[in-house]
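Right, one structure below, let's go through it.
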Amino acid sequence: MPEITQEYIALRDQYIESKFTRLNPVQRQAVFTTEGPLLILAGAGSGKTTVLVNRIANIIRFGSAHGSKELPRTVTQQDLEDLRATVQSGRDLPRETAYLAVRPARPWNVLAITFTNKAAGELKERLRAMLGETMGGDVNASTFHSACVRILRRDAERIGFPKSFTIYDSDDQQRVLKQIYKDKMIDDKFLPIKSAVSQISSYKDKLMSPEDVAAETPRDTKAALISKIYTTYAGRLKTAGAMDFDDLIYHTVRLLQTDAEAREYYQNKFRYVVVDEYQDTSIAQFHLVRLLAGGTNNVCVVGDDDQSIYKFRGATIENILNFEQVFTGAKTIRLEQNYRSTSNILNAANSVIKNNTGRKGKTLWTEKGDGDKVHHYTAASEQDEASHIADVIGEHLREGAHLRDHAVLYRMNAQSNPIETYFARAGIPYRIVGGQRFFDRKEVKDINSYLAVIVNPRDDVRLRRIINEPARKIGASTVDKVGELAARQGVPMLQIIADVRQYPELTRAAASLEKFYEMYRELCDLSVTIPLDEFAGEVIKKTGYEAMLKAQKEEGETRLENLGQLVSSVKTYADQNGEDATLSGFLEEVALISDLDSYDQDADSVTMMTIHSAKGLEFPYVFVVGMEDGIFPGDMARYNEEDMEEERRLCYVAITRAKKELYLSTSRSRLIFGQTRRNLPSCFLSEIDPGLMEETQSPELAYSAGGFGAGYGTYSTSVPGGRSGYSGVSRGYLNSEYNARPRGGFGAGYSSGFASGGHDSPHYNGGRHTVQSAGFGAGYGSRTNHHSGAPAAPAGAGTSTLAGMQNATPKKQAVQYAAGDLVEHRVFGRGKVLKATPIAGDCIVEIQFDRVGVKKTMANYAPLKKITEAE
DNA sequence: AGATGGTGTTTTTTT
DNA sequence: AACACCATCT
């Protein structure tokens, strides 16, 4: 090789490297490994997305140039000098691609697959930021499902589906199965629909067709029945021209397996395939990846076996564990430097996860300092647990932190209630992530079903859903008759309805059916003549849905608001897609999108969510509540080692969300599923090196001496003596009557009123405001009454941050507030009362706080104290 | 067709 | 405890 070429190549590497200087050496190695199978084991907080984005950018800008001896053209002395000058100046070389790239990919040659729309969106956004609007925007970054939809929209006809197939969500799926159960007179107690659903799903995951299943000798009568159901189910979806979520993957894999032409098309198109969160992939998804990447074998998967927490929905951790065996010649790169957490937090996570067998093994490290120890608090009750969190948040606010820096994580949604209740009473703004999604709400799904039937007249499932919603005198028996006739003739139900007069058995309902059909036709006409969003509005009106909701009271109002939001989301869709906007396009987007308004990060409130939903997120201060055996790890996992390992991974995920401080808490007693339980501290706590933890406990527990505290191993057997002042309680905290007593008068006995009043609200309106107003109206009066007979609680022994201040204790004689009073709130600090409105024996106080602005709280329930009277 | 009462259930979630 | 679902009644 001529000397000039050698020097040019060396300079080229230097030039390329200079474009990725912000990465650490391991990350850079991942970026420059472009060819062949690559497994990137990315620990929590190790800059995974950054690596992904940079790697794709490298592939598009330079191809496989880095570390290669190949050149795109013969090098001249002038080229060498140009490059040398550019490297020295630190600028970009003009016509970079022609001069030094080696087989760079065009943006559309890259396929990046994620699990959620959010992740896909983030990836796209960062690619755009890095590569520019056009280049970045042209990279295929999508979810497994939407990637499959795109493939199927092009090629579905090759497997006997219309290109315009409908997507059924789990609700539609259930409806189909319910219908099948009814038709075949299957007892859902013998075989719950849920098990049929999961069995069918698992067949599809294993890529077994109904015929494949039928060909096997059934294990028992149940298996034989499931096989029949599966066959019928698949047949019905095909007739309806519909696919469920699993079908999207299943049919795509089948297509690629059986149709060489289609397979080659996509294999040529996608020269580079990247898969995010690979530890969460299922068997079918694995096959999809392997087929798509089968042309070049340039497949890069990124994941963390320690964060595999979705086994219950089909994820198989073996995909990532066996990657190197399945993709021969695979390279593995471990990203172990953590940029997120302090070393105490990280070591706590490491010490927990090392108890798992079945893992690749990886030890995260950080350059950050030790930071605080991991805090572990033992609470007396779930209310006490909530109040402790509020205390700590208050401290942080005083130190200048924001509410949005805090997250409360729990194992299951049922745990959020007591914390919500406490926060709402104390006036702490919070927001719940997860729960019911916008597009899952009944009214939204109903209107979408109208739209779906207009797009696809064969969609009987959606037709059944809306034919008598609102009520228009088409009862269940009529619908069944229509269904039977349709089945007998092998035509869609709508066809029967169009020709009602031909069927004597339908004479009784003929008038209503005709009216319905007329309305349907009218809507079909409208759908092609007026703008989409306007049309959606018309559907709501002309179907009588609006009138129905207006006839209801408050509930109808909320629902109408939701429909208003639906119309505006149609508008957003129409605006974004311009000429290309179609009704079916909108429905598809809806079918594959989770929550429309991904929560805005700027809102200053505490975030509450399950640990599962927290994966991928980070917060300076994290509270993990319910660290108890039976809760976390849950009961279901206790006797199964594999499930225990998954719970442990979940614990690892929880711990690694924290950047600055981590607060774990355990409650000695907890009301859950209608029963007060006393759980042992979570076994995961004892897996954390005690040197990394700092133990505190509720002042309420201070009396129950002996055996508690640090050594939880012993507490199950130790029985403390009676507590002074409570004669007759000989078994201490094991006595449930004693323990059920609400601390500070706050809890068990009367939390229900509030909860029932406010429960739905956070989901519906996304914030505490509704919670509060709902609470005021519905719950308060009765709660106060409940309480009036309860004994006053003993004063806390005083680890409370503001000594002497009540723990949100209802006072028997309500303290009167008036505008101008100076008050002190345990969480928000000092403030001045702006307004006081008496209500149901209590008082809504509006306070201007020095630090956190204006808040409303209930005087008798908030941790509030009057300092000075107004003059 | 709508109200009512009784029953059963209740990890985690995306698409 | 809370809610969804179903069957039965009015």
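In the text below, chain A, chain B and the rest are named by the order of the sequence lines, each starting its count at 1.
Residues satisfying the side-chain hydrogen bond (donor to acceptor under 3.5 Å, both in side chains) test with A/Asp188, not counting sequence neighbours, are none. Residues forming a side-chain contact (heavy atoms from CB on, under 4.5 Å) with A/Ala452 (at least two apart in sequence, or on another chain): A/Asp459, A/Arg462, A/Leu587. Annotation: salt bridge (charged side-chain N to carboxylate O under 4.0 Å, His left out) contacts of A/Glu645 (sequence neighbours excluded): none. The side-chain hydrogen bond (donor to acceptor under 3.5 Å, both in side chains) test applied to A/Asp276 returns A/Lys48, not counting sequence neighbours.
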Under 3.5 Å, side-chain donor or acceptor atoms of residues 191-202 of chain A against the rest of the protein: list the pairs with distances, not counting sequence neighbours.
from	atom 1	to	atom 2	distance (Å)
A/Ser195	OG	A/Pro192	O	3.0
A/Ser198	OG	A/Ser195	O	3.2
A/Ser201	OG	A/Asp246	OD2	3.0

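Straight-line distance from the CZ atom of A/Arg472 to the C1' atom of B/dA1: 15 Å, rounded to whole Å. Between the P atom of B/dT13 and the NZ atom of A/Lys118 lies a distance of 14 Å, rounded to the nearest Å. To the nearest angstrom, C1' of B/dT14 lies 8 Å from CZ of A/Phe245. Rounded to whole Å, the distance from CG on A/Asp169 to P on B/dT13 is 17 Å. Note: CZ (A/Phe439) to P (B/dT14) measures 15 Å, nearest angstrom. Distance CG (A/Asp171) to C1' (B/dT15): 14 Å, rounded to an integer number of Å. Distance CD (A/Gln174) to P (C/dC6): 10 Å, rounded to an integer number of Å. In this structure, A/Asp280 atom CG and B/dT15 atom P are separated by 12 Å, rounded to whole Å.
Comparing C/dC6, B/dT13, B/dA1 by their nearest atom to the side chain of A/Asn468 picks out B/dA1.
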5' to 3', nucleotides 5-12 of chain B under a 4.0 Å protein heavy-atom cut-off (B base, S sugar-phosphate only, - none) gives -----BBB
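For C/dA1, the OP1/OP2 oxygens have no side-chain nitrogen or oxygen of A/Asn417 closer than 4.0 Å.
Among A/Arg359, A/Arg649, A/Gln279, the single residue meeting the side chain to side chain donor-acceptor pair (under 3.5 Å) criterion with A/Asp306 is A/Arg359.
Residue-to-nucleotide proximity on DNA chain B shows that, of A/Ile474 and A/Ser170, the 5′-proximal contact is made by A/Ile474.
Counting heavy atoms of neighbouring residues, nucleotides and ligands inside a 6.0 Å radius, atom CZ of A/Phe190 exceeds 12 of them.
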